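Everything on this sheet refers to the single structure shown next.
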Amino acid sequence: MHPHHKLNNIPYDIFITVVLFCWDNSAECDEPSHCPTTASHVCSTWRRYALDTPTFWSSLSFRQTDMHRALLRCETWLERTRPDSPLDIVLGPEPFGAASVKRVKSIMRMIMPHVRRWRSLRVERGVPRKILRIIFDRLRDAEAPMLEVLKVIGDSATSTRLLRPTDRWKLDPF
């Protein structure tokens, strides 16, 4: 891009407004979490702005069948957040076809060290019961003081529980 292009001179607050607007309107996309990555590829100024905005990288989505790629992306995103930034995590059914136990253990190894930072955990419809058991067995004694929303969408109903930061959550396996 030409160094004097107008996008290179956009103020940070305008950049944030544009990216958040696009992100809010990307709900129909297969993977709306690609918005920060796309913004970081526009020009060097936008890349710097995006990389300097930790909240852009605080949504971790595991809805891909390519687990290696998903884990690498989420690892990079975790590095771009601040140690105290709240995290929003989505687990979809896509990773849990073949070798699903191995995959959920890889995901849990990545996200459990950050459990104190979780603001929300959403487990989408279609995640196998054996995977749900593994997830919630790992969470049984975890402390998640920042967790506000735990949403598990089952095959027949949606279950949402709002938690206060002082709540200690213990979940029995299914």
Side-chain angles (χ1 to χ4, degrees), residues 1 7 15-16 18-139 142 144 146-155 158 174:
M1 184 172 287
L7 286 178
F15 163 78
I16 294 292
V18 168
V19 172
L20 292 178
F21 176 80
C22 293
W23 205 342
D24 286 344
N25 290 303
S26 66
E28 299 81 31
C29 296
D30 290 336
E31 194 58 59
S33 63
H34 288 301
C35 192
T37 304
T38 302
S40 73
H41 293 174
V42 171
C43 65
S44 61
T45 301
W46 281 39
R47 180 164 182 76
R48 185 171 28 87
Y49 286 167
L51 293 176
D52 289 344
T53 309
T55 56
F56 281 2
W57 312 102
S58 64
S59 296
L60 305 178
S61 173
F62 297 93
R63 293 187 292 196
Q64 305 82 3
T65 54
D66 183 348
M67 273 305 294
H68 178 70
R69 188 174 180 180
L71 289 170
L72 285 176
R73 181 178 52 83
C74 287
E75 184 178 345
T76 300
W77 285 38
L78 278 168
E79 290 169 2
R80 292 177 180 171
T81 64
R82 288 191 189 121
D84 60 343
S85 297
L87 298 173
D88 299 303
I89 301 168
V90 177
L91 298 170
E94 296 83 357
F96 307 116
S100 58
V101 171
K102 182 179 176 184
R103 289 177 171 195
V104 74
K105 287 181 178 181
S106 295
I107 291 170
M108 297 307 286
R109 270 193 303 275
M110 175 177 283
I111 63 177
M112 283 304 293
H114 306 280
V115 70
R116 296 189 62 77
R117 298 172 47 198
W118 293 7
R119 177 177 40 212
S120 67
L121 173 63
R122 177 183 166 145
V123 183
E124 296 180 338
R125 177 176 286 122
V127 172
R129 280 189 167 277
K130 69 179 180 178
I131 300 304
L132 291 172
R133 281 193 187 103
I134 292 169
I135 292 168
F136 290 106
D137 281 349
R138 295 275 171 102
L139 295 174
M146 295 177 74
L147 189 69
E148 296 173 4
V149 176
L150 170 62
K151 190 171 192 175
V152 180
I153 303 174
D155 292 329
T158 300
F174 299 179

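Values below: every heavy atom of this structure, side chains too, minus hydrogens, waters and symmetry copies. Everything numeric here is computed off the predicted structure, so don't read it as measured data.
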Exercise. Which distance, rounded to the nearest 0.5 Å, do you find between the CD1 of Ile89 and the CZ of Arg122?
Worked result: 13.5 Å

Problem set entry | Spatial distance of atom CD1 (Ile134) from atom CZ (Arg103) [nearest 0.5 Å] | 13.5 Å

Exercise. Can you find a pair of side-chain heavy atoms, one from Leu139 and one from Leu121, that are under 4.5 Å apart?
Worked result: yes

For this session: Kindly give the heavy-atom pair with the smallest separation between Val149 and Leu147, and that separation in Å.
Result: O-CD1, 3.5 Å

Problem set entry | Ser120 side, atom OG; Leu150 side, atom CG - distance, nearest 0.5 Å | 9.5 Å

For this session: Return the minimal non-hydrogen interatomic distance between Met67 and Pro95, and the atom names on each side.
Result: SD-CB, 3.4 Å

Exercise. About how many Å separate OG of Ser106 and NE2 of His68, when rounded to the nearest 0.5 Å?
Worked result: 11.0 Å

Exercise. Would you say Trp57's side chain and Thr76's backbone share a donor-acceptor pair under 3.5 angstrom?
Worked result: no

Problem set entry | Beyond-backbone contact of Met112 with Trp118, side-chain heavy atoms, under 4.5 angstrom | yes

Exercise. Could you give the distance from CG (Leu60) to NE2 (His114), rounded to the nearest 0.5 Å?
Worked result: 8.5 Å

Problem set entry | Given Asp52, Thr53, Leu51, the one that forms side-chain contact (heavy atoms from CB on, under 4.5 Å) with Arg80 | Leu51

For this session: State the CD1-CD1 distance between Ile111 and Ile135, to the nearest 0.5 angstrom.
Result: 7.5 Å

For this session: Kindly indicate whether the side chain of Leu78, heavy atoms from C-beta on, has any atom under 4.5 Å from the side chain of Met110.
Result: yes

Problem set entry | Reference residue Leu87; test side-chain contact (heavy atoms from CB on, under 4.5 Å); the match among Arg117, Arg116, Arg119 | Arg117

For this session: With the side chain counted from C-beta on, respond yes when Arg69 and Gln64 share a heavy-atom pair under 4.5 Å apart, and no when they do not.
Result: no

For this session: Just do the side chain to side chain contact (heavy atoms under 4.5 Å, CB included) check on Tyr49 and Val42 with the steps written out, would you?
Result: CA-CA 11 Å; Tyr49 286 167; Val42 171; over 6 Å; no

For this session: Kindly give the heavy-atom pair with the smallest separation between Ser100 and Ile131, and that separation in Å.
Result: O-CD1, 3.6 Å

For this session: Could you go through the side chain to side chain contact (heavy atoms under 4.5 Å, CB included) check for Phe96 and Ile107 one step at a time?
Result: CA-CA 11 Å; Phe96 307 116; Ile107 291 170; 3.9 Å; yes

